[in-house]
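Working notes for the structure below.
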Amino acid sequence: MKWNGKRVLILEGYARQSLALVKAFNKLGCEVSALCGSKLDICYNSKYTTHKILGICDRERVEDTTKQIRKLLKTGKFDMVVPTVDFTAAILSENKEEFSQYAKVMSNDWNIYQIAGDKNKTMAVCAEIDVPHPRTVQNVESLEAVINSGIHFPIVVKPCTGYGVIGFKKVDSVAELHKLFEGKKENYSNYVFQEYIPQTDIQYECAMFIDGNNEVKTSLVFSKNRWFPVNGGSSTINITVDRPDIVESCSKLLKSINWRGPADIDLIQDPRDGKAKIMEINPRVSGSVKIVFVSGVDQARQMLEYSFDEKVTSYKKYKIGQRLRCSQTDLLWFLKSPNRFKSNPSWFSNKNTKDQIFDISDPLPWFTFSIQKMMQLKTEMGKRV
């Protein structure tokens with residue numbers, strides 16, 4: 001096999017997308033290592049992980065995580081390092097010049113990463129190239145600047161950087177806006193102030209891959225039909241769909257900023273005009289990257305080809321109607337949602353469905369993931385209040 005013996009380091013051995021990548025690289029003949037923070041991490045318990053490294057990989061300990069990654073790469077034991085979560089993608093990008101001395105770094109240059117990782121900068125690019133996106137107030141220095149911008153309430157206030165819906169606030173009036181920041185000394189440029197799009201329509205993601213010639217090699221769209229928490233959170237079931245309009249918007253955005261490698265773009269369909277509007281760029285592989293593999297697109301192969309100067313395989317087509325389900329959070333959705341018996345697709349349907357974690361050939365990670373997430377549930381829900 002062409003990639004036999006290539007030594008790949010996967011960061012965030014706890015992340016659900018990491019498991020799909022470990023398996024994919026393993027099947028290509030790579031020697032796959034995973035940095036894990038706990039023996040409960042899914043990659044620590046996967047038979048596809050060649051080397052299980054216990055160390056520091058914690059978004060609350062960025063400096064220590066950076067030192068851990070540096071220490072590992074300086075051993076010279078890895079040919080390529082792949083991030084799967086925003087905070088390590090940022091670490092790799094910011095330190096790319098240094099880390100590239102030791103291994104191929106699957107993250108963009110820092111100046112490009114900063115555009116993709118900052119929602120305000122992303123929205124500014126969307127406005128400049130005229131792709132659908134929520135109206136966003138730029139260059140905010142005071143709350144009065146938001147109020148006088150002409151934007152209509154309700155609006156959304158959220159951090160420029162972050163993940164999921166952590167820090168997301170819907171604000172219905174000027175009084176609520178002032179109350180939200182009452183008594184706080186804030187740098188308002190650290191927040192996004194944009195129109196609220198009614199959450200009554202479907203959400204989408206577009207998994208992309210751009211090669212070194214700025215050509216789109218992957219553009220796979222899937223709908224997010226359920227999510228948990230039910231008022232906004234991570235998707236619990238995804239379905240691949242055919243949406244050329246979304247592919248066009250996302251391709252135009254990533255090519256305009258000279259993005260390279262994998263990225264994932266979140267969109268929401270506005271029920272008022274029927275347009276799918278870009279919300280943010282996730283500057284790394286999709287959190288639901290398993291659906292990409294299930295649908296016939298091998299992003300692990302693309303990362304190897306790109307990193308080692310091979311022609312990147314182009315996937316013009318993918319399987320439509322493939323479903324990916326996170327059984328743990330989808331069960332929580334069923335318990336909490338008033339629409340539990342009205343969902344489309346039905347919660348009880350398993351047509352063309354793969355579980356995000358469970359694999360009959362590698363069952364242990366599903367059990368340790370379930371235990372770990374139960375232990376973390378209260379803390380994670382607290383972040384979304």
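Given the structure is predicted, the values throughout are model-derived calculations rather than measurements.
Counting only residues at least two apart or in different chains, side chain to side chain donor-acceptor pair (under 3.5 Å) contacts with residues 340-352 comprise R226-S343, R323-S349, R325-N350, D330-W347. Applying the side chain to side chain donor-acceptor pair (under 3.5 Å) test to pairs two or more places apart or on separate chains, those with a residue in residues 304-322 are K2-E310, E305-T313. Sorted by first and then second residue, the pairs that involve residues 240-260 and meet side chain to side chain donor-acceptor pair (under 3.5 Å), not counting sequence neighbours, are Y204-R243, N214-R260, R243-D245, R243-Q269. For the side chain to side chain donor-acceptor pair (under 3.5 Å) condition, the pairs that include at least one residue of residues 171-183, sequence neighbours left out, are K170-D172.
N187 meets the side chain to side chain contact (heavy atoms under 4.5 Å, CB included) test with S189, N190; sequence neighbours excluded. For D273, the side chain to side chain contact (heavy atoms under 4.5 Å, CB included) criterion is met by D270, K275, K277, not counting sequence neighbours. In this structure, the salt bridge (Lys or Arg N to Asp or Glu O under 4.0 Å) partners of R7, at least two apart in sequence or on a different chain, are D79. Applying the salt bridge (Lys or Arg N to Asp or Glu O under 4.0 Å) rule to E31 yields no partners; only residues at least two apart in sequence or on another chain are considered. With sequence neighbours left out, D118 forms a side chain to side chain contact (heavy atoms under 4.5 Å, CB included) with N120, K121, C160.
The side-chain heavy atoms of K290 and K23, taken from C-beta on, include no pair separated by under 4.5 Å. Using a 4.5 Å heavy-atom threshold, the side chains of E205 and K224 count as touching. Contact of the H152 side chain with the Y196 side chain is not registered, since no non-hydrogen atoms from C-beta on lie closer than 4.5 Å. Looking only at side-chain heavy atoms (C-beta outward), P345 and I237 come within less than 4.5 Å of each other. Between E280 and N282 the shortest side-chain heavy-atom distance falls below 4.5 Å. Residues V137 and Q194 have side chains not in contact (no heavy-atom distance under 4.5 Å, counting atoms from C-beta outward). You'll find the side chain of Q356 reaches within 4.5 Å of the side chain of R16, heavy atoms only. Proximity of W227 to Q203: side-chain heavy atoms (C-beta onward) are separated by under 4.5 Å at one or more points.
Side-chain contact, K71 with Q68: no donor N or O sits under 3.5 Å from an acceptor N or O. With no hydrogens or angles considered, a side-chain donor-acceptor pair links Q302 and T218 at under 3.5 Å. Counting only N and O atoms by type, the side chains of S93 and N108 include no donor and acceptor under 3.5 Å apart. For the residue pair T65 and D58, no side-chain donor N or O sits within less than 3.5 Å of a side-chain acceptor on the partner. Under 3.5 Å, the side chains of T236 and T329 contain no donor-acceptor pair of N or O atoms.
Counting all heavy atoms, side chain and backbone alike, L54 lies closest to G37 at CD2-C, 4.1 Å. Among all heavy-atom pairs drawn from P134 and M123, the shortest one is CD-SD, 3.9 Å. When all heavy atoms of T84 and A15 are compared, the closest pair comes out as OG1-CB, 3.8 Å. The minimum heavy-atom distance linking L180 with V171 is given by the pair CD2-CG2, 4.0 Å. Smallest separation of non-hydrogen atoms from V241 and S223: CG1-OG, 4.0 Å. Summarising the geometry of M303 relative to V285, their closest heavy-atom pair is CE-CG1, 4.0 Å, with the distance given to 0.1 Å.
Between the side chain of T50 and the backbone N or O of S33 there is no donor-acceptor pair closer than 3.5 Å. Judged by distance alone, the side chain of N213 and the main-chain N or O of E215 form no donor-acceptor pair under 3.5 Å. Judged by distance alone, the side chain of H133 and the main-chain N or O of V131 form a donor-acceptor pair under 3.5 Å. No donor-acceptor pair under 3.5 Å is formed between the side chain of S295 and the backbone N or O of I320. The backbone N or O of C43 sits less than 3.5 Å from a side-chain atom of T49, completing a donor-acceptor pair. A donor-acceptor contact shorter than 3.5 Å is absent between the side chain of N95 and the backbone of T66. When atom types are taken as modelled, the side chain of D109 and the backbone of N111 share no donor-acceptor pair closer than 3.5 angstrom.
Taking the six-membered ring where the residue is Trp, F308 and W3 present tilted rings, their angle falling between 30° and 60°.
Linking ILVMFWY residues whenever their side-chain heavy atoms come closer than 4.5 Å, directly or via other members, leaves Y44 and I56 in distinct clusters. Linking Ile, Leu, Val, Met, Phe, Trp and Tyr residues whenever their side-chain heavy atoms come within less than 4.5 Å leaves V294 and L28 in two separate clusters. I210 and I278 fall within the same hydrophobic cluster, where Ile, Leu, Val, Met, Phe, Trp and Tyr residues are linked whenever their side-chain heavy atoms come under 4.5 Å apart, directly or through other members. In the hydrophobic cluster analysis, where Ile, Leu, Val, Met, Phe, Trp and Tyr join through side-chain heavy atoms closer than 4.5 angstrom, I281 is grouped together with V221. No continuous path of ILVMFWY side-chain contacts below 4.5 Å connects I202 to I239, so the two sit in separate hydrophobic clusters.
Going from atom CD of Q138 over to atom CZ of F193 covers 11.5 Å, rounded to the nearest 0.5 Å.
A salt bridge between K96 and E94 is absent, with no side-chain N of the basic residue lying under 4.0 Å from a carboxylate O of the acidic one.
W366 forms part of a hydrophobic cluster together with L19, I42, I357, F358, I360, F367, F369, judged by ILVMFWY side-chain heavy-atom separations under 4.5 Å. Under a 4.5 Å side-chain heavy-atom criterion applied to ILVMFWY residues, the cluster that includes I268 comprises I197, M279 as well. If you chain together ILVMFWY residues whose side-chain heavy atoms come under 4.5 Å of each other, I69 ends up grouped with L9, L11, Y14, L35, I53, V62, L72, L73, F78, V81, V85, F87, I91, L92, F99, Y102, V105.
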Verdict with reasoning, E195 to R272, per salt bridge (Lys or Arg N to Asp or Glu O under 4.0 Å): CA-CA 12 Å; E195 67 172 325; R272 299 168 299 184; 3.1 Å; yes

Kindly indicate, with the supporting measurements, whether the criterion side chain to side chain contact (heavy atoms under 4.5 Å, CB included) is fulfilled by D264 and C206. CA-CA 6 Å; D264 177 61; C206 186; 5.9 Å; no

Side chain to side chain contact (heavy atoms under 4.5 Å, CB included) between L267 and C250, intermediate numbers included: CA-CA 9 Å; L267 307 96; C250 295; 4.0 Å; yes

Any chance you could lay out the side chain to side chain contact (heavy atoms under 4.5 Å, CB included) test for F209 and V297, step after step, and finish with the verdict? CA-CA 10 Å; F209 196 101; V297 177; over 6 Å; no

List the steps, then state whether side chain to side chain contact (heavy atoms under 4.5 Å, CB included) holds for T136 with I151. CA-CA 8 Å; T136 305; I151 196 169; over 6 Å; no

Would you sort out whether R61 and E63 count as a salt bridge (Lys or Arg N to Asp or Glu O under 4.0 Å), showing the intermediate values? CA-CA 6 Å; R61 301 173 62 185; E63 186 175 342; over 6 Å; no

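Between F228 and F334, a ring centre-to-centre spacing not shorter than 6.0 Å is recorded.
Q101 CD: more than 12 foreign heavy atoms inside a 6.0 Å radius.
Geometric assessment of K158 against the ring of Y191 yields a negative cation-pi assignment under the 6.0 Å and 45° thresholds.
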